[in-house]
Amino acid sequence: MNIAAPFEAVIKRIKKETRDTFTLTLRVKDRAIRKEYGFTPGQFNMLYVPGIGEAAISICSATWREDIRHTIRVAGDVTTAISNLKGGDVIGVRGPFGRGWPMEMLKGNDLMIMAGGLGIAPFRSLLRQILREKEEGARYFLLYGAKTPKDIIYRNEFPRYGEVFEVLLTVDKADPEEYWKGDMGVVTNLLKKINIIPEKTIAFICGPEIMMQSSIKELINMGLSEDSIYISMERHMNCGMGVCGHCMFGPKFICKDGPVFSYTDIIEFLGEREI
Amino acid sequence: MKHNFYMEPLTIRKEALGDIIKDLSNRGYRVIGPTVRGGTIGLDNITAIEDLPVGYGDRQVTGGYSLFKHERPYFFGFSNGPDSLKRFLNPPYQRLFAIKKRAKGFETMIYEYEGSPFAFIGIRACDLRALHILDMVFEKDPFYQAERKEIFIIAVNCIFPSNTCFCPSMNSGPEVKYGFDLLLTEFDEDFLMEVGSKKGLNAIEGVHHKEAAGADIEKKRGLIDSSSKSIKKTLDTEGLPTLLYREFENPWWADIANRDLSCGNCTMVCPTCFCNTSNDTSSLDGKTATRIRCWDSCFSVNFALVHGGNFRPSRRARYRQWMTHKLAYWINQFGVSGCVGCGRCITWCPAGIDITEELMAIRISGKRR
Amino acid sequence: MGKNKTIKVDVLTRVEGEGGLYVKVVDREIKELRLNIFEPPRFFEAFLKGRLYHEVPDMVARICGICPVAYQMSAVHAIEKIFGLKVEGQLRELRRLIYCAEWIASHCLHIYFLSAPDFLGFESAVAMGKKYPETLQQALRLKKVGNELFSLLGGRPVHPISVRVGGFYKTPLKKGLKAFLSELENAFEDAIESIRWAINLDFPDISWDIEFVSLWNPEE
Amino acid sequence: MDKPRLAVFKFTSCDGCQLSIPDMERGLVDIANTFDIAYFLGLKSRKSTGYYGISLVEGSISTPDEIKRIRAIRENTHYLVTIGACATAGGLQALRNLKDLGAFKKAVYPKPEHIDALKDSLPISHYVHVDFELWGCPISREGLLEVLASFLRERRPNIQAYSVCFECKRKGTPCVLVAQGIPCLGPITRTGCGAICPSYGRDCYGCFGPSEDPNIKSLSLRFETLGLSKDEIKLRLAGINSYAFGKYHGKE
C-alpha cells in the first residue's frame with residue numbers, strides 16, 4: 001500500500017454533535033485493509049475529499065471496532081466539504097499516522113484527562129479503552145471545558161464515563177435559556193475541586209495551546225512532575241508522514257513525532273513567539 | 001560513515017569518461033551531468049562528453065555568479081551550480097495520484113515509478129552528504145525511494161571550490177569519502193578513478209585504465225589539501241543547536257528581516273530543503289482530480305497557516321525558522337546538521353544574505369546581551 | 001422593413017472594444033446615425049513620456065489584448081528609427097512570424113467567435129457549435145495553433161514578453177520551431193477550409209461610395 | 001441541478017484577460033458546459049440579467065459611470081472575482097494617479113473637456129467587496145480555470161501569492177538577477193505567470209503584482225548596487241501594477 005494515496009471508506013453514519021461539530025462513522029471498503037487497519041488512541045487519519053484536499057482528523061472510535069469514527073468541526077474547505085457528504089458517500093482515508101497517548105504510562109498510575117473544546121475528540125478512544133480495561137485501584141479524572149453547554153461534545157456519553165471517571169465539566173458561558181448545573185470558567189479551575197496524589201498521577205491534555213499551557217502550569221503547581229504530563233498538539237498537517245515540513249513545531253514534526261508529546265520533549269519551545 | 005573504496009585506485013584518460021557516459025546510456029540510465037545553461041552550470045540530461053562544460057570555471061560571491069574560461073580544458077573546473085540531486089529525486093512537481101469519480105466512490109491511480117534510473121556525473125562531497133540526508137528525510141516516501149533506489153553516481157573531488165563554499169566547517173567536503181559508484185579526481189592530463197561499488201566496477205569493464213601510481217595518490221592528497229585550504233568561509237558550529245534555541249528573541253532576527261526578500265531562493269537551491277505542499281486540482285466537471293506535490297518553502301507566508309491563524313506571519317520568524325531548522329532542529333530530527341556547506345543559499349540570495357555571517361552575528365549579539 | 005424605424009443598441013456585442021449604436025430611419029432614409037465609442041481613456045500617450053525606451057514595448061502591448069504585437073512592433077520600429085537602428089534578416093523574419101501568430105489567433109477570434117454567429121444567427125460561437133460542431137472544432141484548432149505559435153515566440157498568447165528594441169530577448173530554438181512545423185501544416189488545411197467556408201456565408205448586398213486602399217510592403 | 005450563472009464584465013482595460021476564455025480552446029467548451037454564460041458582451045449577443053453566481057470583472061474603475069456599474073454588478077453577484085491587473089490594481093492606466101489628470105487630458109485629446117474620467121484609476125476593491133482577486137497582466141488561463149473549478153467545488157482557489165522566484169527555481173531557470181545582474185522584479189512579484197520572463201533571459205517586470213510580503217526596500221538596495229539610479233528604480237515599480245507596488249513602497 002502506498003501511504004501517500006488514500007483508500008476508500010464509506011460513510012455509514014453521520015451524527016450531529018453540536019452546531020458545528022459532527023461525528024462520522026466510516027467503513028473501509030477494502031476488506032483486507034479493513035482487517036489490517038489498527039491504531040492507538042490519540043493517532044489521526046488524513047481524510048480526503050477528491051478535488052478538495054485532505055485534513056488531519058484524530059480517530060475517536062474504540063480501538064477494537066472495525067468501523068472508524070471521526071469527530072469533525074467545520075473549519076476549512078475540507079471539513080466543510082465533508083460536512084456536505086451524506087450516508088453512503090465515499091471518502092478517502094490515509095492513516096493511521098503519528099504517536100498516540102502513551103498507554104504504557106497508565107499502569108500503576110492515576111490518570112488526569114484535561115480537554116478543551118474539540119480537544120475531547122482525541123480522548124474518546126482512550127476513554128472507551130479505560131471503561132473496558134481499568135486498572136484496579138487507579139483513579140481516573142476527566143476535566144472538560146466547552147464554550148457553552150451546547151458546545152459540549154459527546155454530551156450523552158458522560159454518564160457512562162462517570163462510572164469510572166470523576167467527571168467535571170465547565171463552560172465559559174452558560175446559555176440563559178438552558179439550565180446548567182455544572183461549573184463556569186476555565187478548565188483549570190476544576191483542578192481546585194479535586195484531590196490528587198501528584199506522585200502517582202499522569203496527565204493527558206488536549207485543547208487550545210493557551211489552555212494546555214495554563215493547565216500544565218497548574219498541574220506543576222500541584223506537584224506533578226514535568227515528565228508525567230502529555231499533550232496533544234495541532235499544526236497544519238499536509239503529508240502526515242514528516243516530509244512536507246508544514247507541521248514543524250521546534251524540532252518536532254507534529255505528524256510523526258506527535259501529535260502526543262511528553263511535556264519534557266517540547267518544554268523549550270512551548271510558548272515561544274511564532275515558533 | 002566509512003570509506004568504501006572497492007579496489008585500488010586507477011587512472012583513466014579524460015576522454016574515457018565519454019565511454020563511461022555512453023555505456024551508462026546504453027545500459028538504460030538517464031545520464032545527468034553539469035552543462036552550461038543561461039550563464040550558469042546546471043544539471044541536465046547529457047549524452048556525450050561534449051555536453052560537459054569543459055574549460056569553464058565559475059566565480060561565486062554573496063548574491064552573485066558568473067562563468068569564465070580556464071586556460072586549461074578542465075572537465076570539472078567549477079563548483080556547484082544552483083541544481084542538486086533533489087531536483088531529480090524529489091522533483092519540483094511530483095504527481096502523487098489521479099482520481100476518477102465513479103457512481104459510488106472513486107478510482108485512484110497512483111503515479112508509479114516507470115522511468116529508468118538516473119546516473120549522475122560530477123557529484124561533489126557536499127551533495128553526497130545532502131543525498132544521505134534526503135535518504136533519511138524521505139525514508140518512508142514511496143516516490144523518492146522509487147527514484148532513489150537504482151541510481152548510479154560518478155562523484156568528483158572538488159578542487160575548484162567557490163568563495164561561498166564552507167564544506168570543511170560542516171565536515172562534508174571537499175573530499176569524497178562515501179556514497180559513490182565511481183569517484184574521479186581531475187589531474188591536468190587524466191583522471192584518478194576510484195571504484196566504490198560493484199555497480200561501479202561493472203561500469204568500467206570496457207574502459208581502458210591502468211593502476212594508479214603512488215605519486216598519483218599523493219597528487220590527489222595534495223589537490224584536496226590545497227582545495228580545503230583555499231576555502232576561507234567558515235561556519236562556527238560550536239554550541240549548536242543549543243545556541244539557537246537560546247536566541248529565539250535575539251533582535252538580530254529583525255535586522256535580517258529588513259534585508260530578507262522572503263523570495264524563497266535559498267530554500268529552493270538548498271540541496272536538503274525538502275518542504276513541500278500537496279494540493280488537489282480538479283476538472284471543471286468535478287469528475288477527475290489530480291494531487292500534486294510541489295516544492296514549497298518556509299518563507300511563504302501561508303506555510304504555517306492553520307484555520308484560525310498563522311503561526312509565522314513575520315519575516316523575522318520565517319527566516320529564524322529556516323536557519324534554526326537547518327542548523328539546529330535538523331540535528332534533533334536526523335542526528336546531523338541540515339547544512340552541508342555548499343554555499344548555494346549564499347550565492348543565489350538576491351539580497352546577499354550569508355547564513356555564516358548571520359549565524360556569527362546572532363552568536364555575537366547573543367553574547368553581548 | 002417599415003418606412004420609419006429607430007435602432008438603438010446600448011452596447012454592441014461581440015466586437016473588440018466597446019460602443020453603442022443609434023440609427024434613425026425616416027422614410028427609408030437614414031436621418032441620424034451615431035456610433036458612440038465609450039471606451040474609457042487610458043492616456044498611454046501621456047504616461048509614456050519620461051519612460052525608458054526599453055520599457056515602451058511592454059507597456060504599449062497593454063493597449064490591446066487582442067493585437068498587442070501590432071503596438072509592440074510599431075513601438076520598436078519607432079524607437080529603432082530614433083537610434084538609427086535597422087533590424088533585418090532572420091530577426092525581421094521572426095518579427096513577421098510573431099505578427100503572423102497574432103494574426104492567426106486574432107483573425108480566428110474575429111471570424112469565428114465575433115462575426116460568424118451574426119451571419120448564421122447564433123448568440124455565440126459556442127451556440128453555433130451545437131449546430132455546426134465541425135466549424136467550432138476548426139475554429140478551436142486554428143486558434144490553438146495561433147496561440148501556440150504565439151507562445152513559442154512570445155512566451156504567452158497575450159502580451160508577449162520576448163519583443164524588444166533591437167530584436168528579441170530570446171529567439172526560439174530551431175528544434176522547437178521544427179517540432180511545430182507539422183502542426184502548422186495541418187493548420188494550413190484548416191485555413192484553406194476556413195476561406196472556403198467564409199466565402200459561402202451570406203453577405204448582405206451593400207456597396208459603398210468609398211475607395212478602399214490597401215498598402216503593401218514589397219519586401220514582405 | 002441548474003448550471004451556475006456566469007457573467008463577464010469589462011471596465012477600463014484591454015480585453016486581454018476576458019479573452020483568455022476563448023483562448024482556452026477546449027476549455028471554452030468545458031466552461032460553456034458547466035456554466036450558464038449569462039452575460040459576456042465580448043463573446044455573446046444575448047444579455048441575460050438577474051443574479052449571477054459568479055462574475056468575472058476585468059478592468060479598473062476610471063469613469064464616474066463605472067462606479068455605478070460596478071455597484072450594480074456587486075448587488076447582483078454572489079461571488080465576484082476580479083481578473084487581471086486593471087481590476088485588481090488599477091492597471092497600467094493607474095500611472096495617471098501619480099500625475100495631474102488635467103495635463104494628461106490636454107496632452108492626449110484636442111478637446112479635453114469632452115473627456116469624462118476620474119482623477120484616479122482604481123481597483124474594483126476600492127469601490128465594492130471582492131471575493132477573490134486573480135492577478136496578472138494578463139491572467140493565466142490555468143489560474144482562471146482554477147478559480148472556476150474551485151468555485152464549483154466550494155473551496156479556496158489553489159493560487160499562491162509567493163514570489164516568482166519559487167516558480168523560476170522549480171523550473172530550473174537560471175537566475176537573471178544573480179547570474180547576469182539584470183534588475184529582475186521576481187523576488188517581490190507574485191507567482192502565477194509560470195516565470196516566463198527569466199526563462200527568456202530577461203527581467204520580470206512585475207505584471208502579476210506584488211507578492212504576499214514584498215521587501216521592496218531590500219530589492220531596491222540590490223538594484224542600486226547594479227547601477228540603477230533611484231529614479232530608475234522608481235520607474236521599475238511604477239509599471240503595470242504601480243498602484244499596488246506604491247502601497248507597499250509608501251510603507252517601507
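In what follows, chains carry the letters A, B, and so on, assigned in the order in which the sequence lines appear, proteins first and then strands, with residues in each chain numbered from 1. All figures in this text were calculated on a predicted structure; none of them were measured in a lab.
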**Q.** Per-residue contact mode, D/Cys17 against chain C (heavy atom under 4.5 angstrom)
**A.** neither
Q. Counting heavy-atom pairs under 4.5 Å to chain C, which of D/Gly194, D/Ala107, D/Ala238 comes out on top?
A. D/Ala238
Q | D/Leu56 side chain near D/Leu134 side chain, heavy-atom distance below 4.5 Å | A | no
Q: To the nearest 0.5 Å, tell me how far C/Cys100 SG sits from C/Phe150 CZ.
A: 11.0 Å
**Q.** Heavy-atom contact with chain D under 4.5 Å, split by part of C/Phe44
**A.** side chain
Q: Counting only heavy atoms closer than 4.5 Å, note whether D/Ile115 contacts chain C via side chain, backbone, both or neither.
A: side chain
(Q) Is C/Leu114 in contact with chain D via its backbone, its side chain, both, or neither, using a 4.5 Å heavy-atom distance? (A) side chain
Q: Please report the C-alpha distance between C/Leu153 and C/Leu177 in whole Å, then the side-chain angles of each, then the deciding distance to 0.1 Å, and finally whether the side-chain contact (heavy atoms from CB on, under 4.5 Å) criterion is met.
A: CA-CA 9 Å; C/Leu153 300 166; C/Leu177 283 173; 4.3 Å; yes
Q. Are the side chains of D/Leu43 and D/Val8 in touch, meaning some heavy atoms are under 4.5 Å apart?
A. no
(Q) If I measure from the heavy atoms of chain C, does D/Ile37 come under 4.5 Å with its side chain, its backbone, both, or neither? (A) neither
Q) Where on C/Pro41 is there a heavy atom nearer than 4.5 Å to chain D: the side chain, the backbone, both, or neither? A) both
(Q) Between D/Leu19 and chain C, with a heavy-atom cut-off of 4.5 Å, which part of the residue counts as in contact: side chain, backbone, both or neither? (A) side chain
Q: Please state whether the side chain, the backbone, both or neither of C/Val11 comes within less than 4.5 Å of a heavy atom of chain D.
A: both
Q. In terms of heavy-atom pairs under 4.5 Å with chain C, which of D/Gly91, D/Gly201, D/Cys207, D/Gly239 leads?
A. D/Cys207
Q. Should D/Leu118 and D/Pro64 count as side-chain neighbours, where that means a heavy-atom distance under 4.5 Å?
A. yes
Q. What distance separates C/Leu201 CG from C/Ile111 CD1, expressed to the nearest 0.5 Å?
A. 9.5 Å
Q. Roughly how far, to the nearest 0.5 Å, is CD1 of D/Ile83 from CD1 of D/Ile124?
A. 10.5 Å
**Q.** Inter-residue atom distance C/Leu142.CG - C/Leu109.CG, 0.5 Å rounding
**A.** 12.0 Å
Q: Heavy atoms only, distances under 4.5 angstrom: which of D/Cys137, D/Ala32, D/Cys197 has the most pairs with chain C? Name it, please.
A: D/Cys137
**Q.** Approximate separation, where rounding is to 0.5 Å, of D/Phe208 CZ and D/Ile196 CD1
**A.** 7.0 Å
Q. Which value, rounded to the nearest 0.5 Å, describes the distance between D/Leu228 atom CG and C/Leu52 atom CG?
A. 8.5 Å
(Q) Any non-hydrogen side-chain atom of D/Ser55 less than 4.5 Å from a side-chain atom of D/Phe9? (A) yes
Q: Check whether any side-chain heavy atom of D/Leu185 lies under 4.5 Å from a side-chain heavy atom of D/Leu237, and answer yes or no.
A: yes
Q) Among D/Gly16, D/Cys86, D/Pro138, D/Ala103, which residue forms the greatest number of heavy-atom pairs with chain C at distances under 4.5 Å? A) D/Pro138
Q | Neighbour count >12 (heavy atoms, 6.0 Å) for atom CD1, C/Ile7 | A | yes
Q) Side chain, backbone, both or neither: which part of D/Ala85 has a non-hydrogen atom closer than 4.5 Å to chain C? A) neither
(Q) Using heavy-atom distances under 4.5 Å, tell me whether D/Ile240 contacts chain C through its side chain, its backbone, both, or neither. (A) side chain
**Q.** Winner by heavy-atom pair count (cut-off under 4.5 Å) against chain D, out of C/Cys108, C/Gly146, C/Ala105, C/Gly65
**A.** C/Gly65
Q: Please determine, among D/Leu28, D/Leu101, D/Val108, the option with the most heavy-atom pairs under 4.5 Å with chain C.
A: D/Val108
**Q.** With sequence neighbours excluded, residues passing side chain to side chain contact (heavy atoms under 4.5 Å, CB included) with C/Leu12
**A.** C/Val9, C/Val15, C/Leu21, C/Leu35
Q: For chain C, find which of D/Leu98, D/Leu92, D/Leu95 contributes the most heavy-atom pairs closer than 4.5 angstrom.
A: D/Leu92
Note each donor-acceptor pair with a separation under 3.5 Å, taking one atom from chain D and one from chain C.
{"residue": "D/Lys10", "atom": "NZ", "partner": "C/Glu39", "partner atom": "OE2", "Å": "2.9"}
{"residue": "D/Cys14", "atom": "O", "partner": "C/Gly65", "partner atom": "N", "Å": "2.8"}
{"residue": "D/Asp15", "atom": "OD2", "partner": "C/Gly17", "partner atom": "N", "Å": "3.4"}
{"residue": "D/Asp23", "atom": "O", "partner": "C/Asn147", "partner atom": "ND2", "Å": "3.4"}
{"residue": "D/Asp23", "atom": "OD1", "partner": "C/Lys143", "partner atom": "NZ", "Å": "2.7"}
{"residue": "D/Asp23", "atom": "OD1", "partner": "C/Asn147", "partner atom": "ND2", "Å": "3.1"}
{"residue": "D/Glu25", "atom": "OE2", "partner": "C/Asn147", "partner atom": "ND2", "Å": "3.0"}
{"residue": "D/Leu41", "atom": "O", "partner": "C/Arg14", "partner atom": "N", "Å": "2.7"}
{"residue": "D/Lys44", "atom": "NZ", "partner": "C/Glu123", "partner atom": "OE2", "Å": "3.1"}
{"residue": "D/Ser45", "atom": "N", "partner": "C/Glu123", "partner atom": "O", "Å": "2.8"}
{"residue": "D/Ser45", "atom": "OG", "partner": "C/Arg14", "partner atom": "NH2", "Å": "3.3"}
{"residue": "D/Ser45", "atom": "OG", "partner": "C/Glu123", "partner atom": "O", "Å": "3.4"}
{"residue": "D/Arg46", "atom": "NE", "partner": "C/Glu123", "partner atom": "OE1", "Å": "2.6"}
{"residue": "D/Gln93", "atom": "OE1", "partner": "C/Arg42", "partner atom": "NE", "Å": "3.2"}
{"residue": "D/Gln93", "atom": "OE1", "partner": "C/Arg42", "partner atom": "NH2", "Å": "3.2"}
{"residue": "D/Cys137", "atom": "O", "partner": "C/Arg62", "partner atom": "NH2", "Å": "2.5"}
{"residue": "D/Cys137", "atom": "O", "partner": "C/Arg156", "partner atom": "NH2", "Å": "3.2"}
{"residue": "D/Ser199", "atom": "O", "partner": "C/Lys170", "partner atom": "NZ", "Å": "3.0"}
{"residue": "D/Tyr200", "atom": "OH", "partner": "C/Ser151", "partner atom": "O", "Å": "3.2"}
{"residue": "D/Tyr200", "atom": "OH", "partner": "C/Leu152", "partner atom": "O", "Å": "3.2"}
{"residue": "D/Tyr200", "atom": "OH", "partner": "C/Gly155", "partner atom": "N", "Å": "3.1"}
{"residue": "D/Arg202", "atom": "NH1", "partner": "C/Asp58", "partner atom": "OD1", "Å": "3.1"}
{"residue": "D/Arg202", "atom": "NH1", "partner": "C/Asp58", "partner atom": "OD2", "Å": "3.4"}
{"residue": "D/Arg202", "atom": "NH1", "partner": "C/Ile161", "partner atom": "O", "Å": "2.8"}
{"residue": "D/Arg202", "atom": "NH2", "partner": "C/Asp58", "partner atom": "OD2", "Å": "2.6"}
{"residue": "D/Tyr205", "atom": "OH", "partner": "C/Arg62", "partner atom": "NH1", "Å": "3.0"}
{"residue": "D/Tyr205", "atom": "OH", "partner": "C/Arg62", "partner atom": "NH2", "Å": "3.3"}
{"residue": "D/Leu235", "atom": "O", "partner": "C/Arg51", "partner atom": "NH2", "Å": "2.9"}
{"residue": "D/Ala238", "atom": "O", "partner": "C/Arg51", "partner atom": "NH1", "Å": "2.6"}
{"residue": "D/Ala238", "atom": "O", "partner": "C/Arg51", "partner atom": "NH2", "Å": "2.9"}

